[in-house]
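Values reported hereafter were calculated over all heavy atoms of this structure, with side chains retained and with hydrogens, waters and symmetry mates removed. Below, chain A is the first sequence line, B the second, and so on; all start at residue 1. Just so you know, these numbers come straight off a predicted model, no measurement behind them.
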Protein chains: 2
Amino acid sequence: MNDIHKRPSRRQGKVSKTESGGGQRLPTDVRAAGILAAAREVIDEKGYESVLISDIAKRAGVVDGTIYRYFKNKRDLLEQVAQRWFGEQLAMDSQLNAVKGTRNKLRHLAWRTLAIIRREPVLARFMLMELRHDPRYRSTPFFEMNKRFTQDVIAVCTEAVVSGEFLSDVSPNMLRDMLHGCIEHRTWAFLQGEGDFDIEEVADGIATVIYRGMLAKRELAQGGLYEAVKRIESVAGKLEDLMVGKS
Amino acid sequence: MNDIHKRPSRRQGKVSKTESGGGQRLPTDVRAAGILAAAREVIDEKGYESVLISDIAKRAGVVDGTIYRYFKNKRDLLEQVAQRWFGEQLAMDSQLNAVKGTRNKLRHLAWRTLAIIRREPVLARFMLMELRHDPRYRSTPFFEMNKRFTQDVIAVCTEAVVSGEFLSDVSPNMLRDMLHGCIEHRTWAFLQGEGDFDIEEVADGIATVIYRGMLAKRELAQGGLYEAVKRIESVAGKLEDLMVGKS
DNA sequence: ATAGATAATGAATGATATTCATAAAAGGCC
DNA sequence: GGCCTTTTATGAATATCATTCATTATCTAT
C-alpha cells in the first residue's frame, strides 16, 4: 500500500485505507437523480446558504468528486434542483381559465404566487435571493420558466386593454412588475423567517389597486361625472318635490 | 533572520524579507477612512461580487490583516461602505415638501429612487443583491436607513387617506411595497447590465396606477354610479320626449 | 531616553470548492 | 470464462479566499 496510485505531489499525505474507484456503480440517470434528491433534501433542511458539497455527497452516498461527474459545479447542481422543484409547484397550479373577470384573474395570479411562497419558503428564498444573482441568470432555463409564469399577468392586462375595460396609458409590463414586485417586497420578511403574511389580504390589495387604477370607466368620474351626478341628483330632488307638491 | 518571531507551526514556510510591524502608522480614523475609500473604489471598479480583501488592502496600502483591526470582517466593511455611499445619495435628495399634490408626490418618490439607481448602479446592485441577503439584515443600521427612506410613501398615502382623498381599504404599507417592489423589478435587468429604462415613464406609470386605484371619488363609479347615470340619461331622454310631445 | 501601549505585519490556519491520476467495475468479444 | 476497452467512483491534492495571531515596529507619556 504505497502511493503510486496518487497523483504527483510535493506534499506527503498519508495514504487512506480505502482504495480509489471502489464505489457502487449505478446507471447514470439513477445516480444523477440520487444526487439531485440528496441536494434538495439538504437544502430543505439547512437552507441553501449553508449547503456544502460534502453534505450533499454524504447524503447521496457518494464522494465529493463524484458530483462533478454529473454536474458542472455547485451552482449548476443547485440550479437544477430549483428548476425541478419549481416545476413541480407550477404543475400543481390551478387553471387560470376557470377564473372569470379581470379583477378576479389578477387576484388569482397574485394569490398563486403567494401560495407557492407560503408552501415552499425555502425554495422561494433560494430563487429570489440566490439564483437571480447569477450574472448569467437571464440566460438560464430557469429564467425562461419564471418568465412564462409571470407572463400571465401581461396576458390578462393586455386582454383587458383590448376589450376596452382597461385604459392603455400604462404598459402591461409595468403592471406585471407592480404585481410581482409587490409580492416579493411583501414576503421578504417572511422569507427571512420573521413573521407571517396574509395571502388573501395581499392578493386582494394588489389586485384591487391595479384593477381600479386601470379601469376605463373611472375616467368618466374624473372627467366631471361625479359633479354631474350631484347636480342631477339635486335637480331630481327638486323635481320630486315639485311632483309631491302637485299631487 | 530565523523564524522565532513567527507563531508556532508545523509547516516550515520560508521567511519573508519584510519584518512584521514595519508599516506606516496613521491616526486610527484616517486609516479607517482610507480603507473605506479604497474598498469603495475597488467595488466601484470591479463590482461587489469579485472584491477581495487583498484587493482592498493593496489599494489602501496596508496588509490584509490590518483590515481586521478596523473592521469585524469583510461583510462589516462592505456594509459600512454602502452605508456611507447611500447616505451621500440621500443627502443630495430634493425636498419632498416642495412637491404639491398626492399624485405628484408619489411620482416624485418613485422618481428619486430611480434616479439613485441610475446614478449609482453599482451601489444599487450591491444593496439590492447583496446586503439584503444577510440573515441579520433587518437589524443592521442599513436597514433602518432604508426604512426611513421608503417610509415617505407611507406618509404620503396615509395623509391622503386621512384627508379623504384616498380610500382606506388598502394599507399604505402595501402601497409602499407596490411602489418600491415595482421599481426593483423594473430595474433588475438594468442592474444586470442589460438595457436601460426610462425613469420618467416608470415613475409616472407607478404613480398613476396607485393614485387612480386609491382615489375615493372613483368608488361611486364602481358603486353603481355609472349605471345610475345611464338610467338617469335614459329617463331624461324620455322626459324630454314627453316635453317635446307636449309643446 | 525609556517603558508601556498600540498599530501593522504576514505567515499560518481553516473552510470549501474543484481537479485529476488511479482503482474498480461493467460490457463486449472471442 | 478470460482478456481488453470503456466508464464510473474515489479521495488526496490543489486552489482560493477569509481570518487569526505571535511578533515587531512605532508612538506617547513620563
* Could you tell me whether Glu159(B) atom CD has more than 12 heavy atoms of other residues or ligands within 6.0 Å of it? => no

* Asked: Between Glu79(B) and Arg136(B), is there a side-chain N and carboxylate O pair less than 4.0 Å apart?
  -> no

* Asked: Between the side chains of Gln192(B) and Arg138(A), is a donor N or O closer than 3.5 angstrom to an acceptor N or O?
  -> no

* Of the residues in residues 72-80 of chain A, which ones touch DNA chain D at a heavy-atom distance under 4.0 Å? -> none

* Kindly say if Thr28(B) contacts the phosphate of dT6(C), meaning a side-chain N or O under 4.0 Å from OP1 or OP2. => no

* Structure fact -> For Phe190(A) and Pro121(A) the tightest heavy-atom approach is CE2-CB, 4.1 Å

* Structure fact -> Exactly one of Lys147(B), Arg176(B), Arg112(B) clears salt bridge (charged side-chain N to carboxylate O under 4.0 Å, His left out) with Asp152(B), and that residue is Arg112(B)

* Please state whether the rings of Phe142(B) and Phe86(B) are parallel, tilted or perpendicular, taking 30° and 60° as the class boundaries. => tilted

* Between Arg25(B) (CZ) and dA7(C) (P), how many Å, whole number? -> 6 Å

* Asked: What parts of residues 37-70 of chain A reach DNA chain C, counting only heavy atoms under 4.0 Å away?
  -> Val51(A), Leu52(A), Ile53(A), Gly65(A), Tyr68(A)

* Send over the distance from Leu26(A) CG to dA26(C) P, rounded to a whole Å. => 10 Å

* **N-O pairing of Arg59(B) and Glu45(B) below 4.0 Å** => yes

* Go through the N and O atoms of the side chain of Arg31(A) and the base of dT8(D), and report whether any donor-acceptor pair is under 3.5 Å. => no

* To do: Look at the aromatic rings of His185(A) and His180(B) and report parallel, tilted or perpendicular, splitting at 30° and 60°.
  => parallel

